[in-house]
There are 2 protein chains.
Amino acid sequence: MSNQDPNRTRRRRGSARPTLKEVAAAAGVSSITASRALNAPERVNEETRKRVLEAVDRVGYVPNLVAGSLASARSRFIAVIVPSLANAVFIEVIKGLQDTFEARGYQILLGNTDYDLQREQQLVRTFLGWSCSALVTAGLRHSEGCSALLSNWDKPIMEVMELGEALDLNVGLDHEEAGRCMTRHLLERGYSSIVYVGACMDRDYRAHMRFWGHRQVLEAAGLAAPLIELDRLGSLEAGAAGLDRALAEFPDTQAIHFANDDLATGALLHAQRLGLRVPEDIAIAGFNGLPLGQHVTPSLTTIQSPREAMGRQAAEQVLRRLDHQPVTRRQQDVGFQLLVGQST
Amino acid sequence: MSNQDPNRTRRRRGSARPTLKEVAAAAGVSSITASRALNAPERVNEETRKRVLEAVDRVGYVPNLVAGSLASARSRFIAVIVPSLANAVFIEVIKGLQDTFEARGYQILLGNTDYDLQREQQLVRTFLGWSCSALVTAGLRHSEGCSALLSNWDKPIMEVMELGEALDLNVGLDHEEAGRCMTRHLLERGYSSIVYVGACMDRDYRAHMRFWGHRQVLEAAGLAAPLIELDRLGSLEAGAAGLDRALAEFPDTQAIHFANDDLATGALLHAQRLGLRVPEDIAIAGFNGLPLGQHVTPSLTTIQSPREAMGRQAAEQVLRRLDHQPVTRRQQDVGFQLLVGQST
DNA sequence: CGCTAACATGGTAGCGCTACCATCACGAAT
DNA sequence: ATTCGTGATGGTAGCGCTACCATGTTAGCG
């Protein structure tokens, strides 16, 4: 016969870490007071609070956030879903989000879809399961199941990158207009044989939207809008290949409008290796305004998108909602800027 | 008088989402069987399992992962702590980690220290509170409090990037040796006035380790090892500034050994703008082997570090531990490769 | 025919915390 | 003196799930 209560022989589950109860005991208060001392200091006497904090240090207490989230039915997680980590653009948006959210005590849950909408749906399911406080996702296109999951959800949803018919909040820029803007510039410069080169545009549909804008302007001017689609994602290598294909397939090409700066810069550097003069022999334009393109000679003509600012603004909108403050505009256009370099 | 049980008047806490209990009721089984059908299919009759899965779809059940984690005292989170998101190097390591962990159903919790060890400690506290399954952190240097927190922790800890005295697991490369390797190459090429240019080396101490290696080789050859420290983080701009300072402060410089490829490429492009011939007038070397440096003309001499592979290998080691498989080597050297370009 | 083992399922008691309500002391207002 | 508010604290009942143990139920075996 054990000298212990028989139902105490059951071994302790959970971790061996001290709990709030032990902190409370050490401070001589109830556990709920200890909880308040940590999470709502204004509701506890200054003296008591100090005693609790001292006890926390003494016993080496680390709050169990899982338990807290279950009890309060909310975590301080922000789900962030992007299509790729290989693209500097998303990294910078994430950086803007992370800086803003972390400063307010929120933790980012990062998900990567690899441009797969089914994968996005799966991530959304998982993230809903974590009781996230909000969800930020890149783009307005989702699978049907994903939209269904989200429309039944009562937390803020922020769609970034582009503008359009959004589920809830929306911060981004008009890609079609960006495409038009660049192509207008190319026409003004006097080029008329202009090729558009994109990479995996079935997946990167924002690049496709820019192409639409591009084509509108050319058609309005009575010009053809030849398109070259590369079957690998944007990179310097792909850009070089794009230049080769454009020159081979359309020998009289005067200018190439690339879907992004990686491609454009790759082409620009490749042109130099081939001994082509930019822009005299071939003009080159990009999109994004990455630092890289501004440091090559000739500097790249491109469109500057405010990526980190977009992340910050999106985060601020979401935070405003989480603080129950009125959100003035559900849709916010961060705009863009034509950066005329020496390559056109 | 309400027709409801009085203690039901209390409004429902938690979310309004269906729970496992409701799934179980819909499938005509107990909740524990429903739980097993989802999490341990082999322990449930095939027929029953199908009925449960069908009920899941019907009621639109999304598992509450917070509750599951509390009950089982483990989440499927992997904490990942890096000093910066602005640096492509860490992004690629994260990519390797993320791909490997996501494929096995683990979710990454990303933390950014901004090169601040106190911030790291705070992140570690938070992450311990989430019952993470493992922690991956960049670097071997931690605050005292951080080491204390981690040494009392019973889950796998992986330190990546460099090699040395680790808390638990360690995957990385020898930065001192990398510095030696590059400088030996520069000596072989016949340069003797070699300047090292780093950025924020008090924080980026791995760059400092490479400088030590660099200095050892020069001192062994009886040469001076002048150092220029820039006070902003690595970027193309900073590299350009580094070149200017090196030429101003050490006019007879023949070669510059930069702490990373961003700096080196910035300097290389700047040299072209200044009309300097590379490597005849000035030789330039970098570190990392970023694609960028391989696409400029002349191509950059650098050291290729296997970043994504480092992330993958680190993740695999951790997974092996989580699967209770023996870990053969707690320390794993991923090595590096001298990439001789046209810039030296 | 009883005994064991393996399989399938269920009941129950937490995991560690917080929401909700209750209590009590004290001073201000009536 | 009574009422009311306010500030500080505590008790308790969950949050939704899984670990642990218990209970059938069937098949296999000597």
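Below, read A as the first sequence line, B as the second, and so on, with proteins coming before strands; counting in each chain starts at 1.
Across the protein-nucleic acid pair, B:Glu42 atom CD and C:dT9 atom C1' stand 15 Å apart, rounded to whole Å. If you take NZ of B:Lys21 and C1' of D:dT18, they are 14 Å apart, rounded to a whole angstrom. For the pair A:Leu128 CG and D:dG16 C1', the interatomic distance rounds to 16 Å; values are reported in whole Å. The nearest whole Å value for the distance from the CZ atom in A:Arg76 to the C1' atom in C:dC17 is 16 Å. B:Leu70 places its CG atom 12 Å from the C1' atom of C:dT18, with the value rounded to the nearest Å. A straight line from CG of B:Leu38 to P of D:dG16 spans 16 Å, rounded to a whole angstrom. When rounded to the nearest whole Å, the span between CG of B:Asn39 and P of C:dT9 equals 16 Å.
Counting any heavy atom pair closer than 4.0 Å across all strands shown, A:Val66 reaches no nucleic acid atom.
Rounded to 10 degrees, the angle separating the terminal helix axes of the helix from C:dC1-D:dG30 to C:dT30-D:dA1, each built from five base pairs, is 40°.
Nearest to the side-chain atoms of A:Arg43 among the listed nucleotides D:dT9, C:dT9, C:dC17 stands D:dT9. For B:Asn64, the side-chain atoms get nearest to D:dG16 when compared with the rest of D:dG16, C:dT9, D:dC15.
Aromatic ring centres of B:Phe77 and A:Phe77: separated by under 6.0 Å.
Within residues 45-57 of chain A, the residues approached by DNA chain D to less than 4.0 Å at the level of any non-hydrogen atom are A:Asn45, A:Thr48, in residue-number order. Proximity of residues 27-37 of chain B to DNA chain D (heavy atom under 4.0 angstrom from any strand atom) is restricted to B:Ile32, B:Ser35.
Using a 4.0 Å cut-off between a side-chain N of Lys or Arg and a carboxylate O of Asp or Glu, B:Glu308 and B:Arg312 qualify as a salt bridge. Between A:Arg141 and A:Glu165, none of the side-chain N atoms (NZ, or NE/NH1/NH2) sits under 4.0 Å from a carboxylate O, so this pair counts as no salt bridge. Between A:Arg104 and A:Asp323 there is a salt bridge, since a side-chain N of the basic residue sits under 4.0 Å from a carboxylate O of the acidic one. The pair B:Asp168-B:Lys155 fails the salt-bridge criterion, with no side-chain N (NZ, NE, NH1 or NH2) lying under 4.0 Å from an Asp/Glu carboxylate O.
Distances shown here put every side-chain N or O of B:Arg74 at or beyond 4.0 Å from the OP1 or OP2 atom of D:dC17.
Here the side chain of B:Arg307 pairs no donor or acceptor atom with the backbone of B:Val89 at under 3.5 angstrom.
A donor atom on one side chain and an acceptor atom on the other are not found under 3.5 Å apart for A:Glu159 and A:Asn170.
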Would you be so kind as to tabulate the donor-acceptor pairs closer than 3.5 Å made by side chains of residues 129-136 of chain B, with sequence neighbours excluded?
{"unit_1": "B:Ser133", "atom_1": "OG", "unit_2": "B:Ser75", "atom_2": "O", "d": "2.6"}

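Using a 4.5 Å heavy-atom threshold, the side chains of B:Val171 and B:Leu169 count as separate.
In this structure B:Arg51 satisfies the salt bridge (charged side-chain N to carboxylate O under 4.0 Å, His left out) test with no other residue, sequence neighbours excluded. For A:Arg125, the salt bridge (charged side-chain N to carboxylate O under 4.0 Å, His left out) criterion is met by no residue, not counting sequence neighbours.
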